[in-house]
Engineer: 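One structure coming up, written as structure tokens, with questions to follow.
Just so it is clear, the model here is predicted, and its values are computed rather than measured. Every chain is numbered from 1 and lettered A, B, ... according to where its sequence line falls, protein lines coming before strand lines.
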Protein chains: 2
Amino acid sequence: MKSEDCKSLDPTAPGKRESGDDRRIAVAKAARAIIVEKGLEGLRTRDIAARVGINIATLHYHVPTKEALVALVAESIRAEFRAQALRNSREGKTGLEQLHLEFDDFRETAREMPELIIILTELVERARRDAAVAAIVLPLHRFWRGQFADIFRLGIADGSFRPDLDPEAAAMIATGALSDSWRRPDTSPSLVEQALAELERAFIRRP
Amino acid sequence: MKSEDCKSLDPTAPGKRESGDDRRIAVAKAARAIIVEKGLEGLRTRDIAARVGINIATLHYHVPTKEALVALVAESIRAEFRAQALRNSREGKTGLEQLHLEFDDFRETAREMPELIIILTELVERARRDAAVAAIVLPLHRFWRGQFADIFRLGIADGSFRPDLDPEAAAMIATGALSDSWRRPDTSPSLVEQALAELERAFIRRP
DNA sequence: CACTCCATCAATCATTTGATTGAGAGGAAA
DNA sequence: TTTCCTCTCAATCAAATGATTGATGGAGTG
């Protein structure tokens, strides 16, 4: 254990040295904040260093290149999504119940970590050109979509959803609608709720 | 005699001078091509000038600042979407028929102008920080969504769609799913077709 | 022809920005 | 203490990048 002292993010930071891992975490956090403010496009190594309270060279010591920096951010995002996805157990639930759980997860993430999707969007955008980012970010989305597809498959089997439902297509619609609504700055929370309700009506089995 | 030569890249530009409007159009076109290649982030005034075949100073003569340049691109995108949206008449069609027309428009745009959505995505992304871009791009999306909402309203009235359909929410789902599927690089055309079919089943009235 | 304006260019400026270098402080191990 | 490794910084570089300046040729007009 090397660093029981500082940890104060920026203001005073009396302690002199920090372990490498902690620094990398702090760097990722600062980078994410800047991405939220100015976008990936406006991400500057100097700004990160300033926010963490270290020298540019020190930043480069911990994260050698900017590309690695972006990859680090992508990693930190993935970790958070992964953790969130595994919080609620889906065991023994019907398809519809699991869909509701999925919606709850979505609401919770939107409420408590709204910056996550902003960063994720920027990363997806960059993934089109950056293979390293794509390798981290695209599987993340596929995982999310796959989870919806599983839920729909289960729900068709247990009678929650329409028999003629196409699980893959429905999963694509659901994730697409959710991520798009999340991304847009001009969507009110109530409209999101309407969309969630409408998604349920769209896929549910009718008597 | 300084510039009898250049113009090499653009086949339609044998003469020396071009009218201001034509230049601006050429600049917008070049900028869009570069955005597709490298993203808004990789857009450089020099690259644009080189592609158009003019000097950087000349570029700045026509488009004073980079911000204005981005706004110009946004304008050109809007014009194209607007033109596309008004091509097919919706008169006298049922809600379902109009939905099909909307799907056709989507397929056509995806097929013939796939770069449009790439640029639009970048612009939407930037709209979060750039009010000038937001003023052009956000209304564009609202228009699209509004068109879907109108179709759903009509379709509910004429019996094409479910009576309990929420037009606004359905429009949000439809546009969200479509734009998201368009944006993602890893969605196959067949999956898009599946999604379109599923969207129809999701909203249609059941006997 | 004389005058004016549009469009253009070469050259250059002033910053920004990612990255590097070389030196040094502090702790742990020998 | 000496040695070695980790972590840190001031100083600096080289490239890029948006923007500006001053001058020039040509078209249109009176």
Side-chain angles (χ1 to χ4, degrees), chain A residues 1-8 10 12-27 30-31 34-35 37-73 126 130 132, chain B residues 1-10 12-28 30-31 34-35 37-73 126 130 132:
Chain A
M1 286 308 169
K2 303 184 176 178
S3 52
E4 31 264 83
D5 35 32
C6 33
K7 288 305 153 35
S8 53
D10 19 74
T12 40
K16 292 208 168 181
R17 300 163 70 104
E18 201 123 346
S19 94
D21 273 349
D22 289 343
R23 271 286 187 249
R24 284 173 62 88
I25 291 174
V27 166
I34 294 177
I35 291 175
E37 281 177 36
K38 311 183 183 178
L40 246 182
E41 184 182 353
L43 185 64
R44 299 285 172 263
T45 53
R46 277 171 173 74
D47 295 345
I48 301 171
R51 190 175 291 239
V52 177
I54 59 174
N55 189 280
I56 321 167
T58 307
L59 176 65
H60 272 85
Y61 171 79
H62 292 289
V63 185
T65 144
K66 195 180 182 182
E67 204 176 50
L69 180 79
V70 174
L72 173 68
V73 171
R126 166 165 293 213
D130 188 329
Chain B
M1 306 298 166
K2 304 199 167 169
S3 55
E4 318 278 72
D5 32 37
C6 52
K7 294 300 155 37
S8 44
L9 297 178
D10 197 335
T12 64
K16 293 184 174 185
R17 300 161 71 103
E18 204 117 350
S19 93
D21 272 349
D22 289 343
R23 268 292 185 244
R24 283 174 64 87
I25 291 174
V27 166
I34 293 177
I35 290 176
E37 281 176 36
K38 312 184 183 177
L40 248 181
E41 185 180 353
L43 185 64
R44 299 285 173 263
T45 54
R46 279 171 170 74
D47 295 345
I48 300 171
R51 190 175 291 239
V52 176
I54 60 175
N55 189 280
I56 319 168
T58 307
L59 176 65
H60 272 85
Y61 170 79
H62 291 289
V63 186
T65 143
K66 196 179 182 183
E67 205 177 52
L69 180 79
V70 174
L72 174 68
V73 171
R126 165 163 297 212
D130 188 329

Engineer: Take atom CG of A/Leu59 and atom C1' of D/dA10, then tell me their distance rounded to the nearest Å.
Structural biologist: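 My rounded result for the distance is 16 Å.
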Engineer: Out of C/dC6, C/dC9, C/dA19, which has the shortest distance to the side chain of A/Lys66?
Structural biologist: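 Closest nucleotide among those given: C/dA19.
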Engineer: For the CD1 atom of A/Ile25 and the NE2 atom of A/His62, what is their distance to the nearest 0.5 Å?
Structural biologist: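 Between A/Ile25 CD1 and A/His62 NE2, I get 12.0 Å after rounding to 0.5 Å.
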Engineer: Rounded to the nearest Å, what distance is computed from the CZ atom of residue B/Arg24 to the P atom of nucleotide C/dA7?
Structural biologist: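 Going from CZ in B/Arg24 over to P in C/dA7 covers 11 Å.
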Engineer: For B/Glu67 and D/dT17, give me the distance from atom CD to atom P, rounded to whole Å.
Structural biologist: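 From B/Glu67 CD to D/dT17 P: 19 Å.
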Engineer: Which listed nucleotide (C/dA19, D/dT8, C/dT8) is nearest to the side chain of B/Thr58?
Structural biologist: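 Among C/dA19, D/dT8, C/dT8, the one nearest the side chain of B/Thr58 is C/dT8.
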Engineer: Thinking salt bridges, do B/Arg126 and B/Glu41 make one under a 4.0 Å N-O criterion?
Structural biologist: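 B/Glu41 and B/Arg126: not salt-bridged.
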Engineer: The side chain of B/Ala57 is closest to which nucleotide in this list: C/dA19, D/dT8, C/dC9?
Structural biologist: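 Taking heavy atoms from C-beta onward, the closest nucleotide is C/dC9.
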Engineer: May I have the distance from B/Asp47 (atom CG) to D/dA16 (atom C1'), rounded to whole angstrom?
Structural biologist: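 The distance from CG of B/Asp47 to C1' of D/dA16 comes to 11 Å, rounded to the nearest Å.
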Engineer: Taking N and O atoms by type only, does the side chain of B/Arg44 place a donor or acceptor under 3.5 Å from a partner on the base of D/dG18?
Structural biologist: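 No.
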Engineer: Provide, to the nearest angstrom, the distance between the NE2 atom belonging to A/His60 and the C1' atom belonging to C/dG22.
Structural biologist: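 Distance, rounded to whole Å: 17 Å.
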Engineer: The side chain of A/His62 lies closest to which of these nucleotides: C/dT8, C/dT21, D/dT8?
Structural biologist: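 So the side chain of A/His62 is nearest to D/dT8.
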Engineer: Checking side-chain contact (heavy atoms from CB on, under 4.5 Å) for the pair B/Asp47/B/Lys38: CA distance, chi angles, key distance, verdict?
Structural biologist: CA-CA 11 Å; B/Asp47 295 345; B/Lys38 312 184 183 177; 3.6 Å; yes
Engineer: For a quick test of reading the model: is some side-chain N or O of B/Tyr61 closer than 4.0 Å to OP1 or OP2 of C/dT8?
Structural biologist: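 The answer is no; no side-chain N or O of B/Tyr61 sits under 4.0 Å from OP1 or OP2.
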Engineer: Does D/dT17 have OP1 or OP2 sitting under 4.0 Å from an N or O in the side chain of B/Thr45?
Structural biologist: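 So the side chain of B/Thr45 is outside the cut-off, no N or O lying under 4.0 Å from OP1 or OP2 of D/dT17.
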Engineer: So how far is it from B/Ile48 CD1 to B/Arg51 CZ, rounded to the nearest 0.5 Å?
Structural biologist: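 Output value for this atom pair is 9.5 Å.
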Engineer: Can you figure out which of C/dA10, D/dT8, C/dT8 approaches the side chain of B/Asn55 most closely?
Structural biologist: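 Taking heavy atoms from C-beta onward, the closest nucleotide is C/dA10.
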Engineer: Who passes side chain to side chain contact (heavy atoms under 4.5 Å, CB included) against B/Asn55, sequence neighbours left out?
Structural biologist: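 B/Asn55: side chain to side chain contact (heavy atoms under 4.5 Å, CB included) contacts with B/Ala57, B/Thr58.
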Engineer: Can you tell me the distance, in whole Å, between the CD1 atom of B/Ile54 and the C1' atom of C/dA7?
Structural biologist: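 It works out to 10 Å between those atoms.
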Engineer: Without decimals, in angstroms, what is the distance between B/Ile48 CD1 and C/dT8 P?
Structural biologist: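 That distance rounds to 15 Å.
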Engineer: From the options C/dT20, C/dT12, C/dT8, select the nucleotide whose nearest atom is closest to the side chain of B/Arg46.
Structural biologist: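 Closest of the options to the side chain of B/Arg46: C/dT12.
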Engineer: Roughly how many Å is it from CD1 in B/Ile34 to P in D/dG18, rounded to a whole number?
Structural biologist: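 It is 11 Å, rounded to the nearest whole Å.
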Engineer: B/Leu43 near the nucleic acid: base, sugar-phosphate alone, or nothing, with a heavy-atom cut-off under 4.0 Å?
Structural biologist: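 Answer is sugar-phosphate: B/Leu43 comes under 4.0 Å of backbone atoms only.
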Engineer: So, does B/Thr65 get its side chain near the phosphate of D/dG18, meaning an N or O under 4.0 Å from OP1 or OP2?
Structural biologist: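 Negative; the distance criterion is not met.
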Engineer: Return the nearest nucleotide to the side chain of A/Arg23; candidates are D/dT8, C/dA7, D/dA19.
Structural biologist: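 Nearest listed nucleotide: D/dT8.
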